[in-house]
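To start, the structure under review is shown below, and the notes come after it.
Not measured: the values here are computed from a predicted model. By convention here, the first residue in the shown sequence is residue 1.
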Amino acid sequence: MSRSYWIRNIVVSMIGLVVLLYFFIHLVDGQEEEVVLETQECRERERLVASQREDMYSLVDAIEGQTLILKCRFCKEEHSNQPRNWYKVDELGLSEAHEVQLDLTSDAAQNRISVNYKHSLIIKNFSHADVGFYYCVNFVDQSNEGKFNFLVDLVILNRNQSVEKGLIKDWSTYHDNFFVPVNNLLKTSEALEFIYLREELKIHAELITQWGSWGPCEACGRPQGDGIMKKTGLCRIKLTPYGNVSMNFTSDERYLFHAPAISCRSLRIFRMFPHIGNYTFNIPNFVLTEKCVGSCNPDAENVNKGWKVGKSTSFKYRKRSVLKKGDHITFICPDASLDNKVVWRRNGKTLKRGDNSFPDVMVDTFNTLYLFKVTSDTAGNYSCYVDDVRMEQIIVYVYTKSQFLTEELLRYLTYLGFILFLSSFCYCAGLVITWRRRHLFKTYSELKEENPKSDYEELESFI
């Protein structure tokens, strides 16, 4: 019993040590902050209300807890000062439209549902109660009443979902691999959910790609004429009813009858047809790319959001580099190509390309900065400018090898001391517990009386 008791105390002590180390590591490294998603939706002027059913609405996917912004204007167009108002239909095909109820507290930051000065509807902490059909009305010119319609549905967030990328030929392969098998099931499968959708609801369902608008031509850091532009294709289930609405239909069934399409990750699909939802949930979206010709515009390409070209007094990028004496390192000025004018400076003094004035510093003809066999004199402030724009600032520190080793040793000695402290604490705690329960241990005579043959067996096993 004494041996097992000692083993148990050691195991408990080790478990406590592991738990304390786990919490220590998380306190040092910090926890990842939860990112609140924000989605802004607007209508493209090219897609006005037409005779096609899917043109009546702009389908919007919303995730529970996110911030959703619906714009009462066309994309990339300025807002007007004409009075506008937002209306909502809670259940498509069942309820009537009503004015959106806004929160009007004195602190605007506390309002969950509000409208800003650009007439955009802002919904914070989106929930199931916010699902519905939203539209914006211009009281002065109501001819555009149907142009700002948004059919908002709640979808399930798939954090592990991948995104397919490529050209139009790659999208064709993507369509054959992901869409065609599910479309065949929707047409011919004899499973109960597929039969109910086709024969009871009389709805023809088909997977399609809903394309967004083209993004800006990304030309920064690319050769002239080799820019790329992208647009995202979302997976949708196109719904085409060929029967009549029945009075016995539920609200979800009426929704499918009136909605032109629904997201492949819609919570409504999982609620109604979980088997079909399992097929459509993991289908990735597709990012289509094409070549374009354009000039570098970091602001439009979101290279650094909020940074205005030529209007910032600070550098776009900042970093520090710590080197050992005798090291070599290379720096490339970001967001620059051979067509840009690039200037490197050291402590405010311009470095000319190919100049060997400094034996440990050189800029080549491709505007790359080299630091050779760095010394304490090499340390300083290095900065690069692209077309007279402050692009990057690099603070270089140089230490001797002995300083590096000393600092590393001190840092790891701190960790080792902490671990030894925890180990000693757990070990001493185990000794105290064992000493206080020493009366529970059996003596050697008692153990020998319980098992008189143990000495002979141990000797025999040893031999």
Go through Ile63 and Val155 one step at a time and tell me if the side-chain contact (heavy atoms from CB on, under 4.5 Å) criterion holds.
CA-CA 6 Å; Ile63 302 168; Val155 300; 4.0 Å; yes

Quick check: do Ser321 and Leu371 have side-chain heavy atoms less than 4.5 Å from each other?
no

Interatomic spacing from CG in Leu186 to CD1 in Ile276 - rounded to 0.5 Å:
6.0 Å

Nearest 0.5 angstrom please: Ser114 OG to Asp103 CG, how far?
7.5 Å

Give me each pair satisfying disulfide (SG to SG under 2.5 Å) with a member in residues 317-381, each pair once, sequence neighbours excluded.
Cys333-Cys384

Strictly by salt bridge (Lys or Arg N to Asp or Glu O under 4.0 Å), give each pair with a member in residues 255-269 just once, sequence neighbours left out.
Asp153-Arg268, Asp252-Arg268

Taking the side chain as everything from C-beta on, heavy atoms only, tell me whether Tyr134 gets closer than 4.5 Å to Val60.
no

Tell me the side-chain hydrogen bond (donor to acceptor under 3.5 Å, both in side chains) pairs involving residues 120-129, sequence neighbours left out?
Arg73-Ser120, Ser127-Asp130

Residue list, side chain to side chain contact (heavy atoms under 4.5 Å, CB included) with Ile168, at least two apart or on another chain:
Trp171, Leu288

Do Phe178 and Leu207 touch side chain to side chain, with heavy atoms closer than 4.5 Å?
no

If you take all heavy atoms of Arg236 and Ala261, which pair is closest and at what distance?
CB-CB, 4.4 Å

Could you work out, with side chain to side chain contact (heavy atoms under 4.5 Å, CB included) as the rule, every residue matching Glu99, not counting sequence neighbours?
Asn85, Tyr87

Check whether NZ of the Lys or CZ of the Arg Arg320 lies under 6.0 Å from the centre of the six-membered ring of Tyr397 and within 45 degrees of that ring's axis.
no

Identify, with sequence neighbours excluded, every residue that meets side chain to side chain donor-acceptor pair (under 3.5 Å) alongside Asp387.
Asn340

In terms of the angle between their ring planes, are Phe315 and Tyr385 parallel, tilted or perpendicular, with boundaries placed at 30° and 60°?
perpendicular

I want to check something: taking the side chain as every heavy atom from C-beta on, are Phe126 and Val131 in contact at a cut-off of under 4.5 Å?
yes

Looking only at non-hydrogen atoms, find the nearest pair between Glu164 and Pro284 and report the distance.
CG-CG, 3.7 Å

Around Asn347, counting heavy atoms of other residues, nucleotides and ligands shown, do more than 12 lie under 6.0 Å from its CG?
yes

For Ile332, look at atom CD1 and say whether over 12 heavy atoms of other residues, nucleotides or ligands are found less than 6.0 Å away.
no

Drop me the distance from Arg390's CZ to Lys316's NZ, to the nearest 0.5 angstrom.
14.5 Å

Test Val398 against Thr375 for side-chain contact (heavy atoms from CB on, under 4.5 Å), laying out the working first.
CA-CA 6 Å; Val398 179; Thr375 63; 5.7 Å; no

Distance col, row Ser251:OG vs Glu91:CD, nearest 0.5 angstrom, shows 4.5 Å

Could you check whether atom OH of Tyr242 has more than 12 heavy atoms from other residues, nucleotides or ligands sitting under 6.0 Å from it?
yes

Using only atom types and a distance under 3.5 Å, with no angle test, would you say the side chain of Ser266 pairs donor to acceptor with the backbone of Ser263?
no

Could you name each residue pair satisfying salt bridge (Lys or Arg N to Asp or Glu O under 4.0 Å) that touches residues 363-377, not counting sequence neighbours?
none

Which residue pairs pass the side-chain hydrogen bond (donor to acceptor under 3.5 Å, both in side chains) test when at least one of the two sits in residues 279-292, sequence neighbours left out?
Asn158-Asn282

Over all heavy atoms of both residues, which pair between Ala259 and Leu239 is shortest? Give the atoms and the distance, please.
O-CB, 3.8 Å

Interatomic distance, CG@Leu351 vs CG@Leu369, rounded to 0.5 Å, equals 6.5 Å

So do Met391 and Pro334 actually touch side chain to side chain, heavy atoms under 4.5 Å?
yes

Within-4.5 Å side-chain heavy-atom neighbours: Thr209 and Phe286:
no

Quick one: side chain to side chain donor-acceptor pair (under 3.5 Å) partners of Tyr382, sequence neighbours excluded?
Arg346

Test of understanding: with side chain to side chain donor-acceptor pair (under 3.5 Å), list the residues that count as partners of Trp86, not counting sequence neighbours.
none

Closer than 3.5 angstrom, by distance alone: can the side chain of Asn111 be matched with the main-chain N or O of Thr105 as a donor-acceptor pair?
yes

Between Ala191 and His275 the two heavy atoms that sit nearest each other are CB-CD2, 4.5 Å

Show your working on side-chain contact (heavy atoms from CB on, under 4.5 Å) between Tyr174 and Ile283 and close with a plain yes or no.
CA-CA 10 Å; Tyr174 156 87; Ile283 295 180; 4.0 Å; yes

For the residue pair His328 and Phe372, categorise the inter-ring angle as parallel (less than 30°), tilted (30 to 60°) or perpendicular (more than 60°).
perpendicular

Once side chain to side chain donor-acceptor pair (under 3.5 Å) is applied, do any residues pair with Glu392, and if so which ones, sequence neighbours excluded?
none

Do Glu64 and Leu267 make a side-chain contact, defined as non-hydrogen atoms from C-beta onward lying under 4.5 Å apart?
no

Pairwise distance CZ(Phe270) to CG(Leu154) - rounded to 0.5 angstrom:
12.5 Å

So do Ile113 and Gln101 actually touch side chain to side chain, heavy atoms under 4.5 Å?
no

Verdict with supporting geometry, Phe150 and Cys136, side-chain contact (heavy atoms from CB on, under 4.5 Å):
CA-CA 9 Å; Phe150 300 93; Cys136 177; 6.0 Å; no

Tell me the closest heavy-atom pair linking Tyr135 and Ala97, and the distance in Å.
OH-CB, 3.3 Å

Which side-chain hydrogen bond (donor to acceptor under 3.5 Å, both in side chains) pairs, counting each pair once, include a residue from residues 175-204, with sequence neighbours left out?
Tyr196-Glu253

Where is the tightest heavy-atom contact between Thr350 and Arg345, given as atom of each residue plus distance?
OG1-NE, 3.7 Å

